[in-house]
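A short write-up of the structure that comes next.
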Amino acid sequence: NLTEAESIYVIEGDNRFSFGLGTEEPSVAKAMTELATNERFKPALEKILGRNPALIEMTAITSTYGAVAQYWHDDVIATASAMQFGRAFGPSYSIFVQLQNTTKEMGATQGCPGTHFCATGSMEKFCDRNGIQLVGKDGYWKAGDGMLMNMNVWHRGHAHIDPEGADRVMLILTFVPRPRTHAESRQMSQGITFSLRWDMWGHTLYDLADANKRMTQPWATLRALGLYKPQDVDWGIDFVTSGSHRIASEDNGFRPDELEEYLEEGGFELLPKFLHGEIGDEDGWEEYYLSTVIRCEDFFKKANVIALVAYCILQVIVLIFSLIFTRGSKATPFRRYWWAAIRLLITHGIIYGLYKAALSHVDNTQWARDIVAKRRYTNPFIFEDLLYDGPSVYPHREDILVETKYKLASLAMYNDFIMAHPGNREWKKLLKTTAPLYVSYAGLPKVFREQLSDYMVSIMESQERRFLFQSGQTHWIKMYRDDVLDYSTRQLKIHSNPVLHHVHRELEFIISELRTGHLREKVMTHYDFLPYLAEFSDRLLDLQSEVKVDVDLQLMYELQSGEAAPKPRSIKLLHRWIQLSPPKSNSRFVRRKPNLKVGRLPMEPEPGAWRTVGDIIEARWKGKSKSGPKWYYGELLDVHSNGWHKVKFGDERVLNVKPEAIRAYLPFHERESLDVLIGEEYEGATVVRQNGDDTVDLVTLEGESLTSIPITHVRRFYTKKKKRQKTQYY
């Protein structure tokens, strides 16, 4: 009974159907309650997205016999999601639940684990090799079992090739972080189909647990429009907010090409066509909605004026007839007219008063104040205060990244997202094994702890790893070794004591909230709060200091561990609260040679990989050359975190170049063929000698000798690497 208007787009839609669900069906409400109260699903989802996440999809996909396999895909746009912009877009997670035992032949979903970290590349080929079909050892995906999946993960529905198999029905719910009360900067990721009925918007995970009450009409509609919610519940993302986001970004459901189709289907069903707005050439949906609102406003104003005039004319007619037919009577028709005017003023006065009260209430909400102050859904990093003086570089998987953009309580699991980077994982392993030793060195001279920090840094350097700091402009800056040692020492102090770790993390949350939240523009934030908290953090980590810190660390320890902490509360004695000791072993001590070359200088993974600002490089650029791209001499001016390199060429041009089009500059060698700029044209030549003053001596193809030609006037040939042919066996 699914109509075309109710259906939702799905990839490879032949014999595959999708539609939004509502909780008016008892079976749906029961399923939502069971899912939202599941002891494994609920805490896992809140650990990832934060408390009580918002619902943005509630649908079912049905595949019948004959449905072909979908192509590999993700459900969001990688460059418009939390994968690359964790403070501009909220992460999206979907739960897939099978409503019947689903075999491979019935089209059980295939997933490609780990691809939520990948924004580019040959993902289809990778997933063809590494994708897995989600069935158990018994050969099917059991009914009622679910898969929680990041929407950046590549996946696909498989083909239904079992003529005897039942229709495969899969329940899908998608959640995103619930909007913050103050200065929310994250919007929904783009590319989602938003498979949710309009009257189901505005709800959260906790509402699903009580779907029979909170998601019934008319309360569901009022919630979806953002008009009303009970005091003891949280707002999700209402229909107006989600629609505004999608209109602004021209996302699914509100693309410009979808507007005409929407109007052909009738547009607003309850609104007469003469009140519908105009379709603009550029603004599309935005102009259509604004013009619709203006038309409705003008219509109701005119209708109200006409009604008032008609009412007044009617009253005058009644008054005239009263005077004619009541002549000589003691009755006073004017009194009746007077009370009619008073009733009119009272009714309109009440309506106008309610209007002004509602307008004042909305204007004074934090939501409205954040919009007026341009703090909501805007760049949270308007004050680039975390700057680092050094050359920007392009990060590699071996590097250890010190990020500065997360560290906010509302980001939940994404505060640790950077630790999934391969270099950070190795650093975390080393920190975990070394931190207990730091505690055991507490009673020894300071030099022992300094050597422990130096030992950790040297191990990372021996593995060709760099420490990169995320600067204010999102650049990655190579840290100086003294700063790396200081960072290593701080990390050792933090991770050597669980209580100190917890307190320091809460301090980071407070500092980040002040830097990026609704108080970021206050003078006291930058002149008082932030400097004070920075000093407090430094003194808290100074374990050798005798300074007392005015914070009840003893109480925090008792709340966390359930044990009574010792009475002394000086920072110097923090390490005694947790009786850690170095690992013990009963094996014999045998002196052996170290297997790590600790102390040797780190080396690049490949030549030219560690590029920094100011390096002399060669960049591949086609320009006006008819024979294809060439390698040109240039200087590296900037390296952005998205991979683009700003290069200044020998002719003073400055262009942005992709990283794969850059290589390290190598000296020319004798008899090397290249092009030389003579006048305004390049001609072929051969190198005779490279001089020490950045010039070369050449011989042209015509035999003319050229001496002391600047290397900025020559270019090298570009040759593609030939693919290795597979061996054929006969």
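As the structure is a prediction and not an experimental result, all values here were calculated from the model.
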Next on the checklist: Donor-acceptor check, side chain of His73 to backbone of His155, threshold 3.5 angstrom: yes or no?
Outcome noted: yes

Next on the checklist: Apply side chain to side chain contact (heavy atoms under 4.5 Å, CB included) to residues Arg449 and Leu492 and explain how you reach the verdict.
Outcome noted: CA-CA 9 Å; Arg449 293 184 291 279; Leu492 279 171; over 6 Å; no

Checklist entry - Which heavy atom of Leu540 sits nearest a heavy atom of Val503, and at what distance? => result CD2-CG1, 3.5 Å

Checklist entry - Between Arg481 and Glu461, is the closest basic N to carboxylate O distance under 4.0 Å? => result yes

Next on the checklist: Quick test of your reading of the model: are Arg490 and Asp538 salt-bridged, counting only N-O distances below 4.0 Å?
Outcome noted: yes

Checklist outcome for this item: Between Tyr414 and Ala82, the two heavy atoms sitting closest are CE2-CB, 4.0 Å

Item to check | Nearest heavy-atom neighbours spanning Gly50 and Ala412 | outcome: N-CB, 3.5 Å

Checklist entry - Between Lys428 and Lys432, is any pair of side-chain heavy atoms under 4.5 Å apart? => result no

Checklist entry - Any side-chain heavy atom of Ile617 sitting closer than 4.5 Å to one from Glu635? => result no

Checklist entry - Given Trp427 and Phe467, is the ring pair (Phe, Tyr, Trp, His ring centres under 6.0 Å) satisfied, shown in steps? => result CA-CA 10 Å; Trp427 170 252; Phe467 287 80; 5.2 Å; yes

Next on the checklist: For Tyr406, is there any backbone N or O sitting under 3.5 Å from a side-chain donor or acceptor partner on Glu403?
Outcome noted: yes

Checklist entry - Thinking salt bridges, do Asp74 and Arg156 make one under a 4.0 Å N-O criterion? => result no

Next on the checklist: Any heavy-atom pair between the side chains of Arg466 and Val393 that's under 4.5 Å?
Outcome noted: yes

Checklist entry - Under the 3.5 angstrom rule, does the side chain of Ser512 hit a backbone N or O of Lys405 as a donor-acceptor pair? => result no

Checklist entry - Should the pair Arg716 and Tyr632 be classed as cation-pi, given the thresholds of under 6.0 Å to the six-membered ring centre and 45° from the axis? => result no

Next on the checklist: So, taking the atom named CD in Glu46 and the one named NZ in Lys42, what distance separates them when rounded to the nearest 0.5 Å?
Outcome noted: 4.0 Å

Item to check | Over 12 foreign heavy atoms within 6.0 Å of NZ, Lys407 | outcome: yes

Checklist entry - Counting N and O atoms only, with roles assigned by atom type, does the side chain of Thr115 sit under 3.5 Å from a partner on the main chain of Cys112, one being a donor and the other an acceptor? => result yes

Checklist entry - Shortest non-hydrogen contact from Ser496 to Lys493? => result OG-O, 2.9 Å

Checklist entry - Ignoring hydrogens and geometry, is there a side-chain-to-backbone donor-acceptor pair from His421 to Asp399 under 3.5 Å? => result yes

Item to check | Nearest heavy atoms of Met419 and Arg425, plus distance in Å | outcome: O-CG, 3.1 Å

Next on the checklist: When you measure from the centre of the six-membered ring of Trp631, is the NZ or CZ of Arg663 closer than 6.0 Å and no more than 45° off the axis?
Outcome noted: yes

Item to check | Lys630 backbone acceptor or donor facing Arg715 side chain under 3.5 Å | outcome: no

Checklist entry - Once you round to the nearest 0.5 Å, how far does CG of Leu411 lie from CD1 of Ile48? => result 14.0 Å

Item to check | Straight-line distance of Leu468 CG to Leu401 CG, nearest 0.5 Å | outcome: 5.5 Å

Checklist entry - Are the side chains of Val654 and Val647 in touch, meaning some heavy atoms are under 4.5 Å apart? => result no

Checklist entry - Taking the six-membered ring for Trp, are His645 and Tyr394 parallel (under 30°), tilted (30 to 60°) or perpendicular (over 60°)? => result tilted

Item to check | Inter-residue atom distance Thr516.OG1 - Ile511.CD1, 0.5 Å rounding | outcome: 11.5 Å

Item to check | Intermediate values then yes/no, side chain to side chain contact (heavy atoms under 4.5 Å, CB included), Asn497 and Val439 | outcome: CA-CA 8 Å; Asn497 189 300; Val439 179; over 6 Å; no

Item to check | Check: His475 side chain, Ser471 main-chain N or O, donor-acceptor pair, under 3.5 Å | outcome: no

Item to check | Test item: Ser92 side-chain N/O and Val176 main-chain N/O as donor-acceptor pair under 3.5 Å | outcome: no

Checklist entry - Got Pro91 and Pro177 here, is their nearest side-chain heavy-atom distance under 4.5 Å? => result yes

Item to check | Check: Val484 main-chain N/O paired with Ser488 side-chain donor or acceptor under 3.5 Å | outcome: no

Item to check | Note, Tyr665 side chain near Tyr633 side chain (heavy atom, < 4.5 Å) | outcome: yes

Checklist entry - Given side chains that start at C-beta, do those of Met151 and Tyr93 come closer than 4.5 Å, heavy atoms only? => result no

Next on the checklist: I need the minimum non-hydrogen distance between Ser392 and Asp638, along with the two atoms involved.
Outcome noted: OG-OD1, 3.1 Å

Item to check | Ring geometry between Phe175 and Phe41 (parallel below 30°, tilted from 30 to 60°, perpendicular above 60°) | outcome: tilted

Next on the checklist: side chain to side chain contact (heavy atoms under 4.5 Å, CB included), that's the test. Do Glu398 and Arg465 meet it? Break it down for me.
Outcome noted: CA-CA 5 Å; Glu398 297 85 4; Arg465 303 183 190 277; 3.9 Å; yes

Checklist entry - When rounded to the nearest 0.5 angstrom, what is the spacing between CG in Asp486 and CD in Glu450? => result 10.5 Å

Checklist entry - Any ion pair linking Glu513 and Arg180 (charged N to carboxylate O, less than 4.0 Å)? => result yes

Item to check | Rounded distance [0.5 Å steps], CG in Asn152 versus NE2 in His116 | outcome: 8.0 Å

Item to check | Beyond-backbone contact of Phe509 with Asn415, side-chain heavy atoms, under 4.5 angstrom | outcome: yes

Item to check | His526 side chain to Met524 backbone, donor-acceptor under 3.5 Å | outcome: no

Item to check | Stepwise side chain to side chain contact (heavy atoms under 4.5 Å, CB included) test for Phe89 and Gln190 | outcome: CA-CA 8 Å; Phe89 297 96; Gln190 297 179 15; 3.9 Å; yes

